[in-house]
Undergrad: 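For reference, the structure I am asking about is given below.
Keep in mind that what you see is a predicted model, and the values were worked out from it rather than measured. Numbers restart at 1 for each chain; the letters A, B, ... are given by sequence-line order, proteins then strands.
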Protein chains: 2
Amino acid sequence: MSKVEQQLEDLKATITSELPSDISVSDVKYEGPELVVYTRDPKKFARNGDLIRKLASQLRKRITVRPDPDVLSRPDTAREDILDVIPEEAGVTDLDFHADTGEVVIQAEKPGMVIGKHGSTLREITQEVGWTPEVVRTPPIESSTVSNVRNFLKQERDDRRNILEKVGRQIHREEMSDEEWVRVTTLGCCREVGRASFILSTPETRILIDCGDKPGSDDVPYLQVEEALGAGAATIDAVVLTHAHLDHSALIPLLFKYGYDGPIYTTEPTRDLMGLLQLDYLDVAAKEGRVPPYESEMVREALKHTIPLEYGDVTDIAPDVKLTFHNAGHILGSAVTHFHIGDGLYNVAFSGDIHYTDTRLFNGAVNDFPRVETLILESTYGGRNDYQTDQKDSEEKLKKVINETYEKGGKVVIPAFAVGRSQEMMLVIEEAMRNGDIPEMPVHLDGMIWEATAIHTTYPEYLRDDLRDRIFHEDENPFLAPQFNHIDGGEEERQDVADGDQCIILSTSGMVTGGPIMSWLEHVGPDPDSTMVFVGYQAQGTLGRRIQSGWDEIPINGRGGRNKTLNLELDVETVDGFSGHADRAGLMNFVKTMNPRPEKVLCVHGDESSTQDLSSSLYHDFNIRTFAPKNLETFRFK
Amino acid sequence: MSKVEQQLEDLKATITSELPSDISVSDVKYEGPELVVYTRDPKKFARNGDLIRKLASQLRKRITVRPDPDVLSRPDTAREDILDVIPEEAGVTDLDFHADTGEVVIQAEKPGMVIGKHGSTLREITQEVGWTPEVVRTPPIESSTVSNVRNFLKQERDDRRNILEKVGRQIHREEMSDEEWVRVTTLGCCREVGRASFILSTPETRILIDCGDKPGSDDVPYLQVEEALGAGAATIDAVVLTHAHLDHSALIPLLFKYGYDGPIYTTEPTRDLMGLLQLDYLDVAAKEGRVPPYESEMVREALKHTIPLEYGDVTDIAPDVKLTFHNAGHILGSAVTHFHIGDGLYNVAFSGDIHYTDTRLFNGAVNDFPRVETLILESTYGGRNDYQTDQKDSEEKLKKVINETYEKGGKVVIPAFAVGRSQEMMLVIEEAMRNGDIPEMPVHLDGMIWEATAIHTTYPEYLRDDLRDRIFHEDENPFLAPQFNHIDGGEEERQDVADGDQCIILSTSGMVTGGPIMSWLEHVGPDPDSTMVFVGYQAQGTLGRRIQSGWDEIPINGRGGRNKTLNLELDVETVDGFSGHADRAGLMNFVKTMNPRPEKVLCVHGDESSTQDLSSSLYHDFNIRTFAPKNLETFRFK
């Protein structure tokens with residue numbers, strides 16, 4: 001019997017002895033980080049609401065109870081009983097029974113009403129039918145990504161359970177090493193913005209955090225070096241993804257091409273957004289005639305291996321590592337990622353990309369942890385002078401630019417990341433029109449913005465409190481305002497818009513490195529009455545950065561494949577208060593208000609001068625040991 | 001045709017066109033770092049003394065010319081002709097003909113007389129017989145190590161040529177990477193003394209520098225991590241060994257057990273000493289009932305893969321790395337190791353263990369390099385107060401201790417490293433007796449000291465100028481003085497010595513961690529009239545360190561295997577001016593007198609406080625960026 005088998009036997013005995021004698025345990029299994037308890041008495045389990053919580057706290061494990069398949073009622077009768085229990089206003093749109101695990105997935109417009117207060121409705125369902133209910137939200141705006149992901153995972157259920165069981169055994173294996181150390185290796189995004197990637201390693205465990213591309217460059221993370229994947233992708237125990245932007249996620253599917261077969265931990269919205277952006281990444285590569293580094297099959301592999309976690313869940317991901325995600329305020333599902341290592345030995349937090357203060361979309365980043373000895377901190381705006389305008393002033397400036405352009409009869413073109421900045425813009429523009437601050441006019445959403453917005457509305461619990469409330473309780477979903485038009489008619493529709501009246505165009509890519517914004521440049525670029533407004537960070541080497549700094553002759557591939565030069569006549573404006581990134585003050589405050597403060601801070605994810613400025617200021621102001629690492633360095637903390 | 005084949009074809013064409021038309025080139029091959037040119041006209045080649053030098057400088061390669069086997073004269077006639085050319089005083093003791101390569105190995109008591117002025121006699125030999133002569137010294141004291149090594153290499157000649165050809169192809173492969181970086185990873189000896197080991201890596205090449213054990217501990221270098229051998233020992237291109245002490249060399253044979261099959265670069269004396277010490281390492285392990293990490297077969301593998309280099313030879317060891325050894329002044333053959341990377345990109349020097357000033361045995365360490373951007377510097381005596389007594393004063397003190405002990409009728413026991421400190425002691429004692437500063441009495445050499453001394457006399461060119469001259473020209477070899485007695489009669493002889501009159505005993509191990517010194521402790525330890533004198537560094541955790549700091553109850557394995565406690569009654573003295581290591585002043589001066597000074601210094605190979613003290617002083621005094629790394633860190637320099 002293997003050690004894990006023995007562990008499970010022991011757990012089964014313990015659980016059986018802890019439970020009332022009329023509740024049987026037929027099997028105990030690991031599935032990823034969870035311990036799944038199968039019982040022939042699911043209804044009795046459900047009646048004792050506290051049993052699971054008590055077991056979980058006693059065993060220090062996340063526990064899921066499932067009915068033994070033998071005792072399940074038939075799906076057709078169960079369906080009726082379930083619908084009887086759930087209030088009609090919940091808006092159930094689908095019920096999906098999985099007899100192999102005794103789970104029923106309930107898709108509803110208002111998941112809260114399916115759950116009930118402290119889970120009371122869920123327990124009632126189990127008491128009635130024995131099945132274990134799981135609830136997902138019906139997207140308020142139809143999202144092909146969300147439905148594709150859900151369908152795919154449904155179809156791959158068997159495979160996925162095998163993966164989860166394997167991962168579960170890995171996580172709960174016995175620790176082998178009696179050494180103690182904690183190290184971080186930098187594989188990218190040091191003294192640069194882009195290709196975020198790190199290895200966190202202990203004698204027992206190797207975790208890859210992020211694996212992104214670099215906008216405006218072909219550079220990828222240093223995966224080939226020995227301490228990355230040199231000895232094979234299977235030497236990695238887990239991948240952790242802080243958020244979906246491609247400079248953090250683009251190359252994750254490549255890991256599976258290299259033979260990785262382990263879990264990806266991230267939040268649920270990041271899982272969906274990641275799939276959307278990665279497929280687009282392949283699409284853009286194909287359109288530009290580049291050979292993409294992996295095929296779409298690998299995106300599906302990544303999806304299949306993703307284990308979504310919620311903010312605040314403390315999760316065992318290795319025998320010596322617990323992972324907890326916290327809101328990072330940057331984009332939907334973005335996470336500050338906290339690792340607790342070796343039962344009290346050491347704590348490392350990776351900020352990922354953060355916004356310190358509240359924005360319209362998100363609450364500000366969490367910086368409150370029980371302990372953090374080392375913080376790996378983004379430094380995008382870490383430079384001495386990288387102070388951003390207050391968002392209120394930025395919004396005023398944006399409205400002024402829109403009004404002036406409208407007066408001239410021109411159009412406003414805003415290059416924006418599909419995910420994050422676009423939705424923030426939509427909220428500003430929707431409110432400004434509602435308040436009469438700017439004239440009503442069509443707002444065209446091009447590229448993946450519409451789809452990304454639909455994903456936002458699927459996960460309102462990840463949005464800022466008051467925005468969530470508007471979407472939940474008042475049916476005032478601002479994203480559904482009638483001005484918003486999804487450009488889904490391709491070049492023809494764009495031509496119509498270009499020939500038409502004043503309007504606002506939000507289009508990807510956010511750094512003008514490809515995508516439909518290239519087409520809008522051609523349509524609107526030569527019009528001196530129109531304005532291009534930059535609202536997000538433009539990395540070095542991107543066309544966006546060049547236009548921002550005054551370039552007005554742009555070499556482009558004309559239709560028919562001939563190269564030509566585009567003379568930009570339109571106004572170029574930068575409104576810089578909308579960044580998804582904390583500015584200099586935000587970064588300093590993020591560290592300042594930490595309690596206790598970390599002993600060490602590594603300043604990464606910023607130009608060379610930004611990381612060095614931030615590193616030196618944190619050192620001087622707070623007397624913390626700080627570093628501005630290069631790529632390919634390894635720091636040992638313990 | 002492979003790229004290397006093509007390269008060789010091109011070289012053959014170039015060489016042919018550069019040579020006078022009457023000299024033919026029948027083949028061109030790489031053997032390790034050398035280019036071997038086979039010719040049917042070796043005599044003509046030898047007549048044009050400058051040809052090889054010109055070719056070498058034109059092709060920027062080390063060139064060896066060998067006769068085509070077809071044109072060789074018969075060994076029996078060649079032998080006579082050779083002996084006719086060489087002056088009788090050269091003392092030729094052996095001639096060994098290798099028809100496969102056209103080489104004849106001449107062993108002589110005075111190799112200089114076989115070589116002749118600027119190699120004139122060697123050229124004369126080739127002109128006479130066509131064979132390529134190679135000269136080695138007949139050891140003045142018979143050394144079983146030297147003769148074993150020479151016999152083994154003779155017997156493995158075919159295998160070795162295959163290895164060298166393979167290595168040659170590796171070295172001269174085309175560079176693959178267009179990245180540029182230089183990194184050093186610490187695998188041991190950081191904030192500690194012992195288990196020296198580093199990886200120097202570029203995108204193209206990975207070099208392991210040293211691989212030692214840790215005296216007084218079971219700790220070994222972190223070979224298992226991914227960036228060391230995690231992806232397999234074959235990911236290492238070359239091993240470089242700074243000197244033979246076990247804390248630098250003990251685990252090198254283990255690499256071959258792990259599948260390493262590449263070259264070891266070191267000096268010739270280090271090669272011989274390394275074999276001696278490694279075999280002893282296995283022996284000690286066996287005696288102590290430990291399972292040694294490798295078998296003696298692996299020591300032979302290491303030997304077979306060793307490519308000896310001389311001080312000052314600039315040698316290609318990878319497409320992007322040139323290696324040069326320089327005298328380190330620490331022990332016989334010890335080297336400061338200089339790496340020139342990427343044709344001007346970067347230069348890194350590893351000090352290994354150094355002695356900055358001249359000692360009786362060696363000239364002081366070389367610190368003069370064309371360029372060094374980063375220095376990895378030993379810090380054994382790097383602490384603020386680690387100033388050693390001047391060697392003159394130390395010698396006075398030693399003589400005083402010897403005289404006082406003699407007066408009392410006791411014996412002087414000196415634990416000493418077989419290699420280095422023992423020979424220094426021998427020189428001091430021999431001179432003191434000759435001058436009448438101390439009474440004549442037997443000096444017993446136990447453990448491997450005799451054998452190590454024999455190796456020293458085999459390589460006098462590695463000794464200090466005036467000592468070399470004494471051995472060479474005046475036949476005043478101090479190591480042959482009649483007081484010196486080799487303990488080769490085991491326990492019985494020791495008992496006799498213990499029961500006898502006053503004497504001096506030099507015995508290994510130098511840190512009292514095993515070896516015959518343990519026996520001397522038992523014999524002499526309970527005698528209050530005797531004295532133990534420490535003359536070398538005692539690492540933390542060793543018995544030597546404990547005795548030095550006052551422990552006088554020593555648990556030992558008594559005869560018959562029972563544990564007992566030995567009460568030390570003898571005096572304990574420390575005479576600290578004899579260390580093979582630079583003291584604090586020496587380390588500071590080593591850096592101070594470098595010109596240009598390095599940009600960065602990594603202080604390693606010292607206790608935590610020593611490395612930090614030295615690091616901080618170098619920073620403050622010379623404004624150099626300094627570090628006191630931990631093990632398992634990676635620094636990127638470029």
Undergrad: Considering residues, nucleotides and ligands other than Arg371(A), do more than 12 of their heavy atoms fall under 6.0 Å from its CZ?
TA: yes

Undergrad: Below 4.5 Å, heavy atoms only, C-beta onward: do Phe635(A) and Lys630(B) meet side chain to side chain?
TA: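 Of all side-chain heavy-atom pairs linking Lys630(B) with Phe635(A), none is under 4.5 Å.
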
Undergrad: Is it the case that atom NZ in Lys638(B) sees more than 12 heavy atoms from other parts of the structure closer than 6.0 Å?
TA: no

Undergrad: I'd like to know whether CD of Gln224(B) has more than 12 heavy-atom contacts from other residues, nucleotides or ligands below 6.0 angstrom.
TA: yes

Undergrad: Supply the atom-to-atom distance Arg636(A) CZ to Cys190(B) SG, rounded to the nearest 0.5 angstrom.
TA: 9.5 Å

Undergrad: Should the heavy atoms of other residues, nucleotides or ligands under 6.0 Å from OH of Tyr258(B) be counted, would the total exceed 12?
TA: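 Count not over threshold, so no.
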
Undergrad: Only one of Thr185(B), Thr634(B), Leu632(B), Val225(B) clears side chain to side chain contact (heavy atoms under 4.5 Å, CB included) with Thr634(A); which?
TA: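 Of Thr185(B), Thr634(B), Leu632(B), Val225(B), side chain to side chain contact (heavy atoms under 4.5 Å, CB included) with Thr634(A) is met by Thr634(B) alone.
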
Undergrad: Quick check: are there more than 12 heavy atoms from other residues, nucleotides or ligands sitting under 6.0 Å from CZ of Arg384(A)?
TA: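 Counting other residues, nucleotides and ligands, CZ of Arg384(A) exceeds 12 neighbours.
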
Undergrad: Side chain from CB out, backbone as N, CA, C, O: work out which of these in Arg183(B) comes under 4.5 Å of a heavy atom of chain A, or both, or neither.
TA: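 Arg183(B) touches chain A through side-chain heavy atoms alone.
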
Undergrad: So, does Glu227(A) use its side chain to make a donor-acceptor pair with the main chain of Glu226(B) at under 3.5 Å?
TA: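 No: the side chain of Glu227(A) does not pair with the backbone of Glu226(B).
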
